[in-house]
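Okay, so here's the structure we're looking at.
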Amino acid sequence: MNLNELLTDAVAGAINTLYGMRPSLDIIQLQKTRKDFEGNITLVTFPLLRISKKSPEETGANIGGYLKENTGIVSGFNCVKGFLNLIVSDAYYINFINNSFGNNFYGFKPPDTGAEKIMVEYSSPNTNKPLHLGHIRNNLLGNSLCRILEANGKHVIKTNIVNDRGIHICKSMLAWQKWGNGQTPESSGKKGDHLVGDFYVKFDLEYKKQISELVAGGMQEEAAGREAPIMKEAQEMLRKWESRDSQVLELWEMMNQWVYSGFDVTYKRLGVGFDKIYYESDTYIIGRDTVLEGLKKGVFYQRPDSSVWVDLTKDGLDEKILLRSDGTSVYMTQDIGTAQIRQTDFSPDKMVYVVGNEQNYHFKVLALILDKLGYSWAKGLYHMSYGMVELPEGKMKSREGTVVDADDLMDDMIDTAKAMADELGKLEGLTGLEKEDTYRIIGLGALKYFILKVDPVKNMVFDPRESIDFNGNTGPFIQYTYARIRSVLRKASDAGIMFGEKIPERINIGNKEKSILAILYDFPSVVAEAGNNFSPALIANYIYDLVKEYNQFYHDFSIIKESDGNLRNFRLMLSDMVGTVIKNGMGLLGIEVPERM
RNA sequence: GGUUCCGUAGCUCAGUUGGAUAGAGCAACAGCCUUCUAAGCUGUGGGUCGAGCGUUCGAAUCGCUCCGGAAUCACCA
């Protein structure tokens with residue numbers, strides 16, 4: 001039982017003894033004591049007054065007195081305006097650190113064989129252009145979510161569905177055919193995904209040109225969009241692809257390979273990975289078969305032009321197309337197929353989709369369709385929806401060239417880390433390789449933390465200047481604290497100072513130290529909460545609070561230089577444990593921590 | 001127009017199941033390195049929690065109505 005549970009029990013006992021009535025647990029409201037008051041945990045007395053039939057002050061005094069006498073956890077209390085502030089005994093926290101010290105996995109639940117099996121889909125790129133800032137948020141959230149779920153003892157399967165087919169890829173392919181002159185990543189010296197993306201842009205330019213020519217010739221804009229010759233060519237190419245035209249397939253394979261090798265570099269740098277990768281070119285057929293089956297069973301219906309639809313008007317939604325009139329698949333068809341294959345392959349209890357909130361409607365429809373098809377596992381679908389990333393000047397727009405490229409961004413962050421570290425002279429004495437690695441850790445730490453500290457459901461603004469700041473509530477600030485701790489521990493070790501002896505309960509610890517202990521104590525419950533809420537941001541903000549508190553302590557107290565041996569031992573253990581929690585917590589965000597910086 | 005989400009300091013964001021005088025960082029200003037890493041610490045200023053009404057001992061938090069912003073309702077993905 002943790003502290004909250006112990007106290008809830010004890011308070012219930014107190015009320016029963018004092019007032020002769022066993023209260024329901026939900027009126028026992030415990031919260032952290034605000035900074036301005038003395039105490040660690042506060043009981044709100046107001047809901048208890050109808051049982052006690054006494055004033056808030058008196059009720060608080062009664063319960064506080066009982067807890068102090070009977071629990072051994074509460075060493076003192078005060079009651080202010082109906083808030084009973086309980087002082088948790090030093091011994092309780094000392095006992096905690098004595099037990100948890102040296103556990104490198106503190107905060108993590110061990111994997112359990114009977115654990116819930118959760119499949120998490122994230123990343124899900126298209127293969128026609130390189131990854132950008134929006135993908136970065138997706139990848140970081142997905143990867144962090146997986147780590148958090150694993151830390152909660154879940155069995156996690158990380159998966160990626162690569163959208164390797166469709167009209168958008170055909171656009172790049174067509175443009176390459178027309179204007180590529182046989183260029184390859186090798187011949188051009190470009191990363192494959194960037195090269196393919198360049199042709200996608202070329203297509204778009206030509207398409208726009210053709211549209212304006214048609215409009216100038218008197219055609220409506222909408223019609224021009226359909227009639228532009230290059231678009232017709234791309235559509236023709238897609239049809240050839242679906243009928244397995246060997247030349248088109250060969251080109252498609254080649255260009256997709258370029259993109260994959262490019263993605264691999266980006267993924268590796270971002271520190272994300274997958275247990276199983278699916279390709280829509282494999283799954284869409286299954287989806288199509290299922291849709292046709294559903295049509296036979298009467299779950300769907302066909303229009304005169306032979307397109308297939310599902311009617312969701314009774315569920316408060318609209319009608320949705322599942323197969324085009326020419327028989328080709330749409331996005332929904334593919335997702336139906338993918339979900340089925342995943343069930344066949346892994347039969348997960350839950351399938352989590354980390355996908356932007358622009359697709360909220362899509363996933364509502366997907367779950368509904370799978371349910372209508374009679375799949376019991378449809379209930380296990382969960383869309384982890386997250387907000388868009390915007391720039392200070394507004395949305396990223398590829399046609400206006402304001403898209404922030406993932407590779408460029410990482411380069412910039414690492415360059416800035418290098419410039420700053422060199423200016424501060426922080427890494428002198430390290431080898432060249434060690435320096436490079438540290439720049440990387442810091443630059444990526446800044447980027448990842450900046451994105452993950454924000455509540456996923458919210459849209460966020462990414463200001464390249466601000467995100468590059470390394471002070472305040474940032475990744476480097478946290479990493480710096482870690483490096484300081486490591487430095488202290490190294491110095492202790494160099495001086496032959498051993499630590500880790502059990503701390504005697506009678507040791508006299510200060511408020512700041514106690515407050516750090518209390519925060520450390522909370523880590524496992526924060527991990528659990530982050531898992532329940534699918535929110536890496538909870539971890540990020542927790543670490544920041546811990547680190548801020550520790551830095552104040554570090555500033556005000558001596559650790560190695562403390563003359564009292566017991567106290568020195570305690571402070572070293574405390575520092576060591578803060579380091580462990582920083583490392584573990586940042587690990588859940590996919591952020592590394594440096595030994596020196 | 002329907003549906004969903006968001007609105008907290010100049011800017012970027014915290015604020016678990018309703019609880020005390022709403023918190024950080026950035027930016028501005030003023031301090032602290034002969035002492036374990038100053039990428040740090042301390043202080044000052046900065047708020048009608050979008051607005052109103054309601055629920056109650058108590059609302060940034062819950063409900064309703066507005067206002068503002070975003071997404072979506074495609075034979076795009």
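Residue numbering restarts at 1 for every chain, and letters A, B, ... go by the order of the sequence lines.
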Subject >> Atom pair distance, as rounded to whole Å: CG in A:Leu424 and C1' in B:C33 >> reply: 14 Å
**OP:** Give A:Asp455 one of three labels, base, sugar-phosphate or nothing, depending on what nucleic acid heavy atoms sit under 4.0 Å from its own.
**Re:** sugar-phosphate
**OP:** Taking syn as within 90° of 0 and anti otherwise, name the glycosidic form of B:C64.
**Re:** anti
Subject >> Nucleotide paired to B:A28 in any strand shown, Watson-Crick or G-U, under 3.5 Å >> reply: B:U44
Subject >> Paired nucleotide for B:A70 [Watson-Crick or G-U wobble; both distances under 3.5 Å] >> reply: B:U4
**OP:** Find the distance A:Leu49:CG to B:G19:C1' and express it as a whole number of Å.
**Re:** 13 Å
Original post:
Does a side-chain heavy-atom distance below 4.5 Å link A:Tyr554 with A:Val488?
Top reply: yes
Original post:
Can you tell me the Watson-Crick or wobble partner of B:C13, both distances under 3.5 angstrom?
Top reply: B:G23
**OP:** Ignoring backbone atoms, test whether A:Arg324 places a side-chain nitrogen or oxygen under 4.0 Å from the OP1 or OP2 oxygen of B:C76.
**Re:** yes
Original post:
Given atom CZ of A:Phe462 and atom P of B:C11, what is their separation to the nearest angstrom?
Top reply: 19 Å
Subject >> Given A:Ile28, A:Thr45, A:Leu48, the one that forms side-chain contact (heavy atoms from CB on, under 4.5 Å) with A:Ile63 >> reply: A:Leu48
Original post:
Starting at CG of A:Asn541 and ending at P of B:U16, how long is that distance when rounded to a whole Å?
Top reply: 11 Å
Subject >> Residue-phosphate contact under 4.0 Å: A:Lys81 side-chain N/O, B:U21 OP1/OP2 >> reply: yes
**OP:** Could you work out the separation of B:A71 and B:A59 based on their C1' atoms and round it to a whole Å?
**Re:** 29 Å
**OP:** For A:Ala421, answer base if it contacts any base atom (sugar-phosphate contacts may also be present), sugar-phosphate if it contacts only those atoms, and nothing otherwise; contact means non-hydrogen atoms under 4.0 Å.
**Re:** base
**OP:** State, without any angle test, whether A:Ser172 and A:Asn128 hold a side-chain donor-acceptor pair at a distance under 3.5 Å.
**Re:** no
Original post:
If we call it a pair only when both distances are under 3.5 Å in a Watson-Crick or G-U wobble match, what pairs with B:U35?
Top reply: none
**OP:** Specify the separation, in whole Å, of atom OH of A:Tyr386 and atom P of B:A71.
**Re:** 15 Å
Original post:
Does CG belonging to A:Asp494 count more than 12 external heavy atoms closer than 6.0 Å?
Top reply: yes
**OP:** Applying side-chain hydrogen bond (donor to acceptor under 3.5 Å, both in side chains), run through A:Tyr386 and A:Asn138 and close with a yes or a no.
**Re:** CA-CA 8 Å; A:Tyr386 63 89; A:Asn138 181 300; 3.1 Å; yes
Original post:
Under 3.5 Å, is there an N or O donor on one side and an acceptor on the other linking the side chain of A:Asn85 and the base of B:A20?
Top reply: yes
Subject >> A:Gln334-A:Thr283 side chain donor-acceptor pair, cut-off 3.5 Å >> reply: no
**OP:** Mark yes or no: A:Arg303 above the aromatic ring of A:Trp309, with NZ or CZ under 6.0 Å from the six-membered ring centre and no more than 45 degrees from the axis.
**Re:** yes
Subject >> Whole angstrom value for the distance that separates P of B:G18 from CZ of A:Phe83 >> reply: 14 Å
**OP:** Rounded to the nearest angstrom, tell me the gap between atom CD in A:Glu358 and atom P in B:A74.
**Re:** 16 Å
**OP:** Return the nucleotide paired to B:G52: Watson-Crick means purine N1 to pyrimidine N3 with N6-O4 or O6-N4, wobble means G-U with N1-O2 and O6-N3, both under 3.5 Å.
**Re:** B:C64
Under 3.5 Å, which protein N or O atoms sit close to an N or O of nucleotides 3-8 of chain B? Give each pair with its distance.
from: B:G7; atom 1: OP1; to: A:Lys458; atom 2: NZ; distance (Å): 3.2

Which pairs, protein N/O on one side and nucleotides 56-63 of chain B N/O on the other, fall under 3.5 Å?
none

**OP:** For the residue pair A:Asn40 and A:Thr33, confirm or rule out a side-chain donor-acceptor distance under 3.5 Å.
**Re:** no
Original post:
Rounding to a whole Å, what distance do you find between A:Leu43:CG and B:U17:P?
Top reply: 18 Å
